[in-house]
Amino acid sequence: MWATRSARTWCWIAALLISAAVPAAQANEAGRTKSAACSACHGRLGLATLPDAPNLAGQPAIYVEAQLKAYRSGARQHPVMNVVAQYLSDADIAALAAWYASLKVEVKEP
């Protein structure tokens, strides 16, 4: 009986994990799509193409969200980012943050 209950518990845990992964995958896809507009400066995979643009790949989602919201509100100033961010919804910002956070960056010692 304990083994059956344990198996059922693990099935529920697996189902919850899978159901949590689906929205994350959808957010990543939404962020990937939305990031096309960012790629001119920040690169297709979040590695900057301009010397004054930061790399976004691998940045923690909470950091990217905070910075985009700061640009949107005007608390952080940048002539391009303030204009770009003002058109982003909270959902757009969350999706972009999830996308850039999902990108893995490898660092090698010289």
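A quick note: this is a predicted structure, and the numbers were derived from the prediction, not measured.
The line from OG of Ser35 to CG of Asp92 is 11.5 Å long, rounded to the nearest 0.5 Å. Rounding to the nearest 0.5 Å places CH2 of Trp99 at 9.0 Å from OG1 of Thr33. From Leu103, atom CG reaches atom CD of Gln59 across 11.0 Å, with rounding to the nearest 0.5 Å.
Residues Val64 and Leu88 share a hydrophobic cluster, clusters being chains of Ile/Leu/Val/Met/Phe/Trp/Tyr side chains in contact below 4.5 Å. Hydrophobic clustering, with ILVMFWY side chains joined whenever heavy atoms are under 4.5 angstrom apart, keeps Val84 apart from Leu56.
A pairwise comparison of heavy atoms in Gly31 and Leu96 identifies O-CD2, 3.7 Å as the closest pair. Scanning all heavy atoms of the two residues, the minimum distance from Ala101 to Pro60 falls at CB-C, 4.3 Å.
The number of heavy-atom neighbours closer than 6.0 Å to NZ of Lys34, taken from other residues, nucleotides and ligands shown, is 12 or below.
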Carefully, step by step, assess His78 and Tyr71 under the rule side chain to side chain contact (heavy atoms under 4.5 Å, CB included).
CA-CA 7 Å; His78 185 275; Tyr71 283 127; 3.6 Å; yes
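Under the 4.0 Å criterion applied to side-chain N and carboxylate O atoms, Lys108 and Glu106 are assigned as salt-bridge partners.
In this view, Asp90 and Arg72 satisfy the side chain to side chain donor-acceptor pair (under 3.5 Å) rule, not counting sequence neighbours. For Gln67, the side chain to side chain donor-acceptor pair (under 3.5 Å) criterion is met by Arg76, not counting sequence neighbours.
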Show which side-chain atoms of residues 41-54 pair as donor or acceptor with protein atoms under 3.5 Å away, not counting sequence neighbours.
| residue | atom | partner | partner atom | Å |
| --- | --- | --- | --- | --- |
| His42 | ND1 | Pro54 | O | 2.9 |
| Thr49 | OG1 | Ala40 | O | 2.8 |
| Thr49 | OG1 | Cys41 | O | 3.3 |

